[in-house]
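Worksheet for the structure shown next.
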Amino acid sequence: MKRFIVFTILIGFLIGSTFVNAEVIEIRVLHVNDFHGFAKPYKPFGSDEMLGGISYLAAMAERLRTEKPTLLLAAGDMIQGSDWANLFQGRSVIELMNQMRFDAMVVGNHEFDFGQEVLRERISEARFPVLGANVEGMEALKPYVIKELAGIKIAIVGIVTEDTPVSTHPKNVMGLRFASAEETVQRYVNFLRDKADILLVLSHIGFHADRVLAEKVRGIDVIVGGHSHTKIDKPVQIGKTLIVQAWEHAKALGILDLTVEDGKIIKFEGHLEEIKPSLGIKDEAVEQIVKGYEEKADAALDEVVGDAETDLDGEHVRKRETNLGDLIADIMRETSGAEATIINGGGIRTSIRKGPIKLRDIYSVLPFDNYIVAVRLTGRQIREALEHGLSGLEEEAGRFPQVSGLMFSYDPSAPPGKRVREIRIAGRPVESDREYAVATNDFLAVGGDGYKAFGEAVKASRDFAVIGGMMKGERLVYSNPGKWLRDVVIDYIKARKKIAPKVEGRIKEVR
Amino acid sequence: MRVYVNDRDVDLLPGMSVRHALIQAGLLGDIESGKKAYDEWGNEIGLEGALAEGVKIYVESHNGK
C-alpha cells in the first residue's frame with residue numbers, strides 16, 4: 001500500500017513536471033517592407049482610394065504590441081523614395097522608425113542610393129540593428145541579432161538581393177561584395193541552430209527568391225520578405241518555412257502570430273492589415289514627426305540652387321527645340337558619357353523664369369521619377385526614333401524629341417514616318433549601320449510614348465557586367481535607377497551656379 | 001532580364017520594376033483604369049516591385065483571375 005502511494009505520488013509529480021515544461025507561448029511578429037518614405041496617405045496609381053499613412057500604421061502596431069510579446073521588423077527599402085525621405089537622405093525615416101521602436105531592419109538595395117557614407121550615418125542614428133549578413137565590406141551592418149521574447153530566443157538573419165550593384169549607381173557599392181543569399185543563410189542556420197529557438201530570415205531578395213531559399217535551405221522557420229512589393233495576404237508555407245511580405249508604402253502591416261511550445265512553432269496565424277486613413281486612429285508622436293518633416297521639406301524646396309540668366313522654356317517642348325530641353329538633354333549626355341541624347345519633350349512639364357532657381361522649380365519641371373539610361377543605337381535606329389518623335393507634330397504630342405549631341409532637320413509637311421532629313425552627330429552625318437551611345441530616360445527605354453527603337457538595344461543588353469565601377473553590356477552604356485534625373489539636374493545647377501542655355505539650332509525645320 | 005507579362009516576354013534592364021514591364025507590354029493603361037498586377041501565385045504586386053529573370057506578371061481585374 002505504501003509503495004502504491006509513493007508510486008502514485010511519483011507519477012503525479014512526473015506528469016506535473018511535464019505539464020509545466022510544455023509551456024505554450026504566444027508571440028507576434030509585426031512587419032513592414034518597402035516603405036520608401038511614403039509617410040502620408042496617398043492615392044496609388046489606378047486607385048480611387050487613399051491608402052497608407054505611417055501614423056495610422058504606427059497606432060495599429062502599438063495596439064497590437066500590447067496584446068502579446070512582439071517584434072516589429074522592417075524588410076528593407078525604408079529610407080529612400082519619396083521627397084519626404086529623399087530631401088533628408090533618409091534621416092526622417094530613421095527618426096520615425098526610432099519613435100516606432102523597430103526591433104531590427106535589413107538593408108534593402110535602395111538603402112545604398114545615397115552612398116555608403118550616408119548609409120553609415122543613418123545606421124549610426126538608428127536605435128535598432130541594421131542587418132546585412134551577405135554584404136561584405138560594411139562593418140556597420142550586422143549579420144544577425146538574437147532577440148528574446150518571453151524566454152523564446154529568435155535569431156534574425158538579414159539578407160539583401162545580390163542584384164544591389166545593378167540597381168544603384170556602381171559607385172554607391174564600390175568596395176562592397178554581395179555574397180550569395182542562399183549560401184550566407186545556410187552558414188548562419190548552421191551557426192545559430194543551437195543558439196536560438198526560432199530562426200527568422202529578414203529578407204530583401206523578393207518573393208520569388210524567398211521561395212527558392214525556403215526550398216533549398218532547411219532550418220529556416222520564418223522568412224519576412226520585401227523587395228518585390230508583394231501583398232501576401234496569408235503566410236505561404238514551403239516545407240516547414242513560413243514566408244510573409246507586407247506589400248509596400250505602409251499600405252499594409254503584416255501580422256504573424258506564432259504559438260511556440262518547447263522552443264518549436266506548433267501553430268501560426270498570419271494576415272495583413274490594410275492601412276488607410278479611414279482607420280481613424282493615428283499615433284500622435286509619429287504624426288508630429290511626419291508633419292515636422294513635411295514643413296521642413298516645404299522649406300527645403302525653397303532653397304535656391306542656382307541662377308537662370310535667361311528664361312528657361314518648358315512650354316514649347318512639344319513643338320520645337322527649347323533652351324530648357326537642350327539643357328536637360330545636355331546634362332543627361334554628360335552624366336552618362338553618351339554621344340547623344342534623345343528624350344521626350346513631354347517629360348518637361350513647365351518653364352523656369354529668369355532669376356533664382358529654386359529646388360521647387362526643378363521638381364515642377366521634372367516631377368516624374370525617371371532616371372537616365374544610355375544604350376547603343378544604330379544610325380538607322382536613331383532615325384527611327386526621331387521619326388517617331390516627329391510623328392505627332394500636329395497634336396503637339398509629348399513624344400516630340402529634345403536632343404543633345406546631335407542635330408537634325410525635318411520637313412513638317414511630309415507624312416509621318418518620312419519627315420526626318422539630315423542627322424548629324426558631332427558634326428558628321430549619321431551612318432545607318434554604325435552604333436552610337438544615346439542617352440534617354442527609363443520611360444522611353446521601355447517603349448514609353450511609343451518609342452520602340454530603344455527596345456532592341458534593351459533586349460540585347462540582357463547580359464552585362466559591372467566593370468571598373470560601370471555597368472557594361474553588349475549595348476548598355478549607362479543605367480542608374482538609384483538617382484532621379486531631377487536630382488542629377490539639381491546637382492548640375494548647384495555645381496555651376498549660373499546657367500544660360502541658348503537654342504542652338506539642333507532641330508531645324510526645312511521645307 | 002526577361003520577364004513575362006500575361007505570358008508574353010518582355011525584356012528589361014536590370015533594376016527595372018513591374019511598372020517598366022507594364023509600359024513595355026503596353027498595359028500600364030489597364031492599371032490606370034483599375035486593373036491590378038499579380039504574380040504567378042495570385043498575390044497582388046506593387047508597381048515599383050523589383051523583378052528577376054523569369055518572373056511572371058499577370059494584369060487582371062481587381063476581383064481576381
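Proteins get letters first, then strands, A, B, ... in listed order; numbering begins at 1 in each.
Ranked by heavy-atom pairs shorter than 4.5 Å toward chain B, the options G81(A), S228(A), G447(A) are led by S228(A). Note: E248(A) leads H36(A), E248(A), K452(A), K251(A) in heavy-atom pairs under 4.5 Å with chain B. With chain B as the partner, the residue from D163(A), I232(A), D442(A) showing the most heavy-atom pairs under 4.5 Å is D442(A). Annotation: maximal heavy-atom pairing with chain A below 4.5 Å, among D9(B), V18(B), V10(B), L28(B), occurs at L28(B).
In this structure, no portion of D34(A) lies under 4.5 Å from any heavy atom of chain B. Residue V236(A) does not touch chain B at all, counting heavy-atom pairs closer than 4.5 Å.
Rounded to the nearest 0.5 angstrom, L13(B) CG and R475(A) CZ are separated by 12.0 Å. Rounded to the nearest 0.5 Å, atoms NE2 (H208(A)) and NZ (K56(B)) are 8.0 Å apart. Taking OH of Y38(B) as the start and OG1 of T230(A) as the end, the distance is 13.0 Å to the nearest 0.5 Å. A distance of 11.0 Å separates CG in D77(A) from CD in E48(B), rounded to the nearest 0.5 Å. If you take CG on L47(B) and NE2 on H249(A), they are separated by 9.0 Å, rounding to the nearest 0.5 Å. Remark: S47(A) OG to I31(B) CD1 distance equals 11.5 Å, nearest 0.5 Å.
Figure legend: R19(B) and F45(A) shown as a cation-pi pair, the cationic atom lying under 6.0 angstrom from the six-membered ring centre and within 45 degrees of its axis.
Residues passing the ring pair (Phe, Tyr, Trp, His ring centres under 6.0 Å) test with Y371(A), sequence neighbours excluded: H20(B).
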